[in-house]
There are 2 protein chains.
Amino acid sequence: MGKLVARAAAKEAKREAKKRALAASAIEALKCYGYANTTLRDIAAESDLSLGMLHYYFENKEQLLIYCVRLYKEAFAAEIGGRLAGITDRQAQIRALAGGLAASIIDDADTHRLWYDIRNQALFDPVFKPVVAEIEASLIDLVRPLAESPDDSAQISVLYGAIDGVFRHLLERHLSGVHSSADDLSHAFCNLLGATPPSAPPSPQG
Amino acid sequence: MGKLVARAAAKEAKREAKKRALAASAIEALKCYGYANTTLRDIAAESDLSLGMLHYYFENKEQLLIYCVRLYKEAFAAEIGGRLAGITDRQAQIRALAGGLAASIIDDADTHRLWYDIRNQALFDPVFKPVVAEIEASLIDLVRPLAESPDDSAQISVLYGAIDGVFRHLLERHLSGVHSSADDLSHAFCNLLGATPPSAPPSPQG
DNA sequence: AAAAAAACTAGACACATGTCCAGAAAAAAT
DNA sequence: ATTTTTTCTGGACATGTGTCTAGTTTTTTT
């Protein structure tokens, strides 16, 4: 019978649940101070757990962070993906994406700041490269349907880079206290994706 | 007479020269490991100076870094600004900018990585915000002439964010070992600035 | 040449931080 | 009820790191 394997699976599930709870607490701490400035003691305090427990569930600080980032990615990619699901009209896609990104700047500013922190770490520490590459690939996939030639990797790079750059810059402004309305933020993305960087439809000067 | 003040000025100039030399060495170390992972001992070793000297010339690690970043900014902004100087034709401006950015991705990859590291630090540590804001303002000014309405701050934000985002993403790819030619990199920027994200001039579908 | 100031060194100090361990407490299995 | 496994605690340990100080050497000034 599979009694033993069922038990083992239950154990594993319980452990995974604990890990997720721990990671959720860890994110709360990491969001505030960033990766480099968050100590394991901060995380332990936030999660009402003792310091030793962190190493009981995670090999080291890096692995804990990687786990956290994956958790975040699933949520965000799912959120945006859900908004785009089923939409085929290009203009509608753009509006949906713009609205989602704008809302997320306002609602999840700290989480995104953490993401950019990790992505930056990956530029120096190879340990983080796989997760970042994985997440970034899923973000690129999110954006791919907006491209006119979804197979042209150069075009996708430009598209993703541009959207991400605008997102990051608007996030930076938001975090600095320059609060724009969700509509204004959304318009920025529409402006980027609908027409060339500047201008709405046709403009008087060439 | 101004003998004394002349002497004092010479002293100050000499000290400044030393600081610049020290900062130049510091950048070499910082480029490799990033801000958080570079110790003052690394910098001391790189500059053939003793550890104590760093505090003799700079108040603390943060001030040293700020000094270094300013040094870098002057060089980069001057480089790009020089390429754009005197050009009035918009297409020529775009080509000049694209060429400059592309070349810099290949030639100064490590320095830019450091810049992004600092800019990221500023998202968490207020000490770095002024320098980053100052540098970013000068970069935005570099890009401003490309906008159709140089006074529309929302438009400028989108323009700067998009260019910076593409630059950062291409840099990331380059640092990951995906080496594109200067021409390909340059084309990416032209593609971004010349027309909407995808496609060249007019395209068949709407 | 003597005196004063600046440049520099070596090392200590305090503290933060990731890691690990011996054992207690709780839960699960027999 | 007993044993075994899992979960958890508290603290120790080693190391890295920014900062500072006492003293030395070099340069500059008189």
Side-chain angles (χ1 to χ4, degrees), chain A residues 1-23 25-26 29-30 32-68 117-118 121 124-125 127-128, chain B residues 1-23 25-26 29-30 32-68 121 124-125 127-128:
Chain A
M1 70 189 71
K3 211 170 174 182
L4 290 179
V5 306
R7 271 182 190 162
K11 286 273 174 82
E12 191 57 27
K14 193 178 174 187
R15 185 183 174 88
E16 270 305 312
K18 264 280 161 117
K19 285 181 73 168
R20 263 200 301 277
L22 204 175
S25 298
L30 290 162
C32 301
Y33 311 117
Y35 172 67
N37 304 319
T38 304
T39 75
L40 290 181
R41 285 166 180 81
D42 291 332
I43 296 176
E46 182 72 38
S47 64
D48 287 315
L49 237 52
S50 76
L51 186 56
M53 266 307 93
L54 305 190
H55 284 86
Y56 180 73
Y57 284 110
F58 295 96
E59 193 179 343
N60 53 33
K61 189 184 178 184
E62 290 159 349
Q63 293 303 316
L64 167 57
L65 182 75
I66 289 173
Y67 190 95
C68 289
D117 191 25
I118 305 314
Q121 292 289 326
F124 294 97
D125 190 341
V127 185
F128 299 126
Chain B
M1 73 189 71
K3 211 168 172 183
L4 290 179
V5 306
R7 269 182 190 160
K11 286 272 172 81
E12 192 56 28
K14 192 179 174 186
R15 186 183 174 88
E16 271 304 313
K18 263 281 161 110
K19 284 181 75 168
R20 264 200 301 278
L22 204 175
S25 297
L30 289 162
C32 302
Y33 311 117
Y35 172 67
N37 303 319
T38 303
T39 74
L40 291 181
R41 285 166 180 80
D42 292 331
I43 297 175
E46 183 72 36
S47 64
D48 287 316
L49 238 49
S50 77
L51 185 57
M53 266 307 92
L54 305 191
H55 284 87
Y56 181 73
Y57 284 110
F58 295 95
E59 191 179 344
N60 53 33
K61 189 184 178 184
E62 290 160 350
Q63 294 303 317
L64 167 57
L65 182 74
I66 289 173
Y67 191 95
C68 289
Q121 292 290 325
F124 293 97
D125 190 343
V127 185
F128 298 126

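Each chain gets a letter, A, B and so on, in the order the sequences are listed, and its residues count up from 1.
Between A:Glu62 and A:Asp125 the shortest side-chain heavy-atom distance falls below 4.5 Å. A:Arg15 has its side chain within reach of A:Tyr56: a pair of non-hydrogen atoms, C-beta onward, lies under 4.5 Å apart.
The distance between atom CG of B:Leu22 and atom C1' of C:dA7, rounded to the nearest whole Å, is 12 Å. Atom CG of A:Asp125 is separated from atom P of C:dG18 by 14 Å (rounded to the nearest Å). Residue A:Leu40 contributes atom CG, which lies 20 Å from atom P of D:dC13 at whole-angstrom precision. Rounding to whole angstrom units, CD of residue B:Gln63 and P of D:dG18 are separated by 15 Å. Separating the CG atom of A:Asn37 from the C1' atom of C:dT17 is a distance of 12 Å, rounded to the nearest angstrom. When rounded to the nearest whole Å, the span between CD of B:Glu12 and P of C:dA5 equals 17 Å. In this structure, CZ of B:Arg15 is placed 15 Å from C1' of D:dT27, rounded to the nearest angstrom.
Although no hydrogens or angles enter the test, the distance criterion places a donor-acceptor pair under 3.5 Å between the side chain of A:Asn37 and the main chain of A:Tyr33.
In this structure, the ring pair (Phe, Tyr, Trp, His ring centres under 6.0 Å) partners of B:Tyr67, at least two apart in sequence or on a different chain, are B:Phe58.
The heavy-atom pair separating A:Phe124 from B:Leu30 by the smallest distance is CE2-O, 4.3 Å. For the residue pair B:Lys61 and B:Thr38, the shortest heavy atom distance occurs at NZ-O, 2.9 Å. When all heavy atoms of B:Glu46 and B:Ser25 are compared, the closest pair comes out as CG-O, 3.1 Å. Nearest heavy atom pair, residue A:Ala26 against residue A:Ile43, reads CB-CG2, 3.6 Å. In plain terms, the two heavy atoms of B:Leu54 and B:Ala44 that are nearest each other are CD1-N, 4.1 Å.
Taking a 4.0 Å limit (strictly below) on heavy-atom distances, residues 49-62 of chain A reaches DNA chain C at A:Leu51, A:Gly52, A:His55, A:Asn60, A:Lys61.
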*Produce a footprint string for nucleotides 23-29 of chain C: one letter per nucleotide, 5' end first; B if the base is under 4.0 Å from any protein heavy atom, S if only the sugar-phosphate is, - if neither.*
-----SS
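Put simply, the side chain of B:Arg41 and the base of D:dG18 share a donor and an acceptor less than 3.5 Å apart.
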